Amino acid sequence: QLQLVESGGGLVQPGGPLMLSCVASGFTLDKYVIGWFRQAPGKEREGVACITNSGGSTTYADSVKGRFTISRDNAKNTVYLQMNSLEPEDTAIYYCAADQVFSDACGINWLGMYESWGQGTQVTVSS
């Protein structure tokens, strides 16, 4: 059974870093494009970043470009989201999601293309 488990969330001061991990079980990660999404209180879930099967291509939301980096280690069945220069506006529950497709490009605008979702991890940016 497909399962995605996020970890690494917590409370961090503005300007600080945080790294999230998404561990997959029940399937081989390299069969999936993986995306990171977030949902702030009272707002819709939005795409943050995604990475293709081999890690050769990534896509980022404009709001996180230059601050966040998505990467993956298929041997460890893990995808990471390194977040730097965090801002209070980054406060949200962060989710990873998997799309069973082999592709040389990925997108984060259509959440419906991702079939499997984790439970999320809370990130709070506050002084």
Side-chain angles (χ1 to χ4, degrees):
Q1 183 177 355
L2 296 175
Q3 188 173 13
L4 297 168
V5 179
E6 303 94 337
S7 63
L11 174 64
V12 61
Q13 291 188 343
L18 205 60
M19 187 171 76
L20 306 182
S21 298
C22 171
V23 178
S25 61
F27 61 98
T28 303
L29 192 64
D30 62 3
K31 291 182 171 56
Y32 295 79
V33 166
I34 301 295
W36 280 100
F37 299 83
R38 67 186 182 186
Q39 188 166 17
K43 295 187 177 181
E44 293 187 351
R45 195 170 298 190
E46 64 177 3
V48 175
C50 63
I51 187 166
T52 53
N53 310 71
S54 65
S57 180
T58 57
T59 299
Y60 294 93
D62 288 343
S63 59
V64 306
K65 280 181 182 176
R67 299 189 298 123
F68 291 11
T69 303
I70 188 171
S71 61
R72 66 192 293 161
D73 185 340
N74 287 339
K76 295 183 177 179
N77 257 21
T78 302
V79 176
Y80 305 97
L81 185 68
Q82 177 66 47
M83 305 185 294
N84 296 326
S85 302
L86 282 162
E87 304 167 353
E89 293 74 23
D90 296 316
T91 296
I93 299 174
Y94 283 70
Y95 302 87
C96 64
D99 176 17
Q100 188 176 4
V101 65
F102 284 103
S103 178
D104 58 2
C106 65
I108 54 174
N109 293 325
W110 182 31
L111 277 63
M113 66 191 296
Y114 292 85
E115 307 98 2
S116 302
W117 292 78
Q119 293 300 305
T121 184
Q122 175 71 48
V123 172
T124 303
V125 185
S126 175
S127 56

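Please read all numbers here as calculations on a predicted model, not as lab measurements. Numbers here are sequence positions counted from 1.
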Candidate pair Ile108 and Val48, rule side-chain contact (heavy atoms from CB on, under 4.5 Å), full reasoning: CA-CA 7 Å; Ile108 54 174; Val48 175; 5.8 Å; no
Pairs satisfying disulfide (SG to SG under 2.5 Å), at least one member in residues 57-93, at least two apart: none
Lys65: partners by salt bridge (Lys or Arg N to Asp or Glu O under 4.0 Å), with sequence neighbours left out: Asp62
Pairs touching residues 16-31 that satisfy salt bridge (Lys or Arg N to Asp or Glu O under 4.0 Å), sequence neighbours left out: none
Atom of Val23, atom of Thr78 and distance for their closest heavy-atom approach: CG2-OG1, 3.8 Å
Summary of disulfide (SG to SG under 2.5 Å) pairs that have at least one residue in residues 43-73, sequence neighbours excluded: Cys50-Cys106
Exercise: identify the closest heavy-atom pair between Leu29 and Ala24: CD1-CB, 3.7 Å
Approximate separation, where rounding is to 0.5 Å, of Leu18 CG and Gln13 CD: 12.5 Å
Side-chain (Asn53) to main-chain (Val101) donor-acceptor, under 3.5 angstrom: yes
Approximate separation, where rounding is to 0.5 Å, of Leu2 CG and Ser25 OG: 8.5 Å
Pairs involving residues 46-85, ordered by first then second residue, that meet ring-ring contact (aromatic ring centres under 6.0 Å, His included) (sequence neighbours left out): none
With sequence neighbours excluded, residues passing side-chain hydrogen bond (donor to acceptor under 3.5 Å, both in side chains) with Asp73: none
side-chain contact (heavy atoms from CB on, under 4.5 Å) against Ala105, all qualifying residues, sequence neighbours excluded: Ser103
side-chain hydrogen bond (donor to acceptor under 3.5 Å, both in side chains): pairs with one or both residues in residues 108-122, sequence neighbours excluded: Gln122-Thr124
Residue pair Phe37 / Gly47: nearest heavy atoms and the distance that separates them: CD2-CA, 3.3 Å
From Thr58, Thr69, Leu81, residue fulfilling side-chain contact (heavy atoms from CB on, under 4.5 Å) relative to Ile51: Thr58
Distance-only check: which donor-acceptor pairs under 3.5 Å involve side-chain atoms of residues 85-98, not counting sequence neighbours?
| from | atom 1 | to | atom 2 | distance (Å) |
| --- | --- | --- | --- | --- |
| Asp90 | OD1 | Arg38 | NH1 | 2.9 |
| Asp90 | OD1 | Arg67 | NH2 | 3.0 |
| Asp90 | OD2 | Arg67 | NH1 | 2.7 |
| Asp90 | OD2 | Arg67 | NH2 | 3.4 |
| Asp90 | OD2 | Glu87 | N | 2.8 |
| Thr91 | OG1 | Pro88 | O | 3.0 |
| Thr91 | OG1 | Val125 | N | 2.9 |
| Tyr94 | OH | Arg38 | NH1 | 2.9 |
| Tyr94 | OH | Asp90 | O | 2.6 |

Side chains of Glu6 and Leu20 in contact at under 4.5 Å (non-hydrogen atoms): no
Arg45 side chain vs Leu111 backbone, donor-acceptor pair below 3.5 Å: no
Non-hydrogen atoms of Pro17 and Gln82 that approach each other most closely: CB-NE2, 4.0 Å
Closest non-hydrogen atom pair between Arg72 and Thr52, with its separation: NH1-O, 2.7 Å
Partners meeting ring-ring contact (aromatic ring centres under 6.0 Å, His included) with Phe27 (sequence neighbours left out): Tyr32
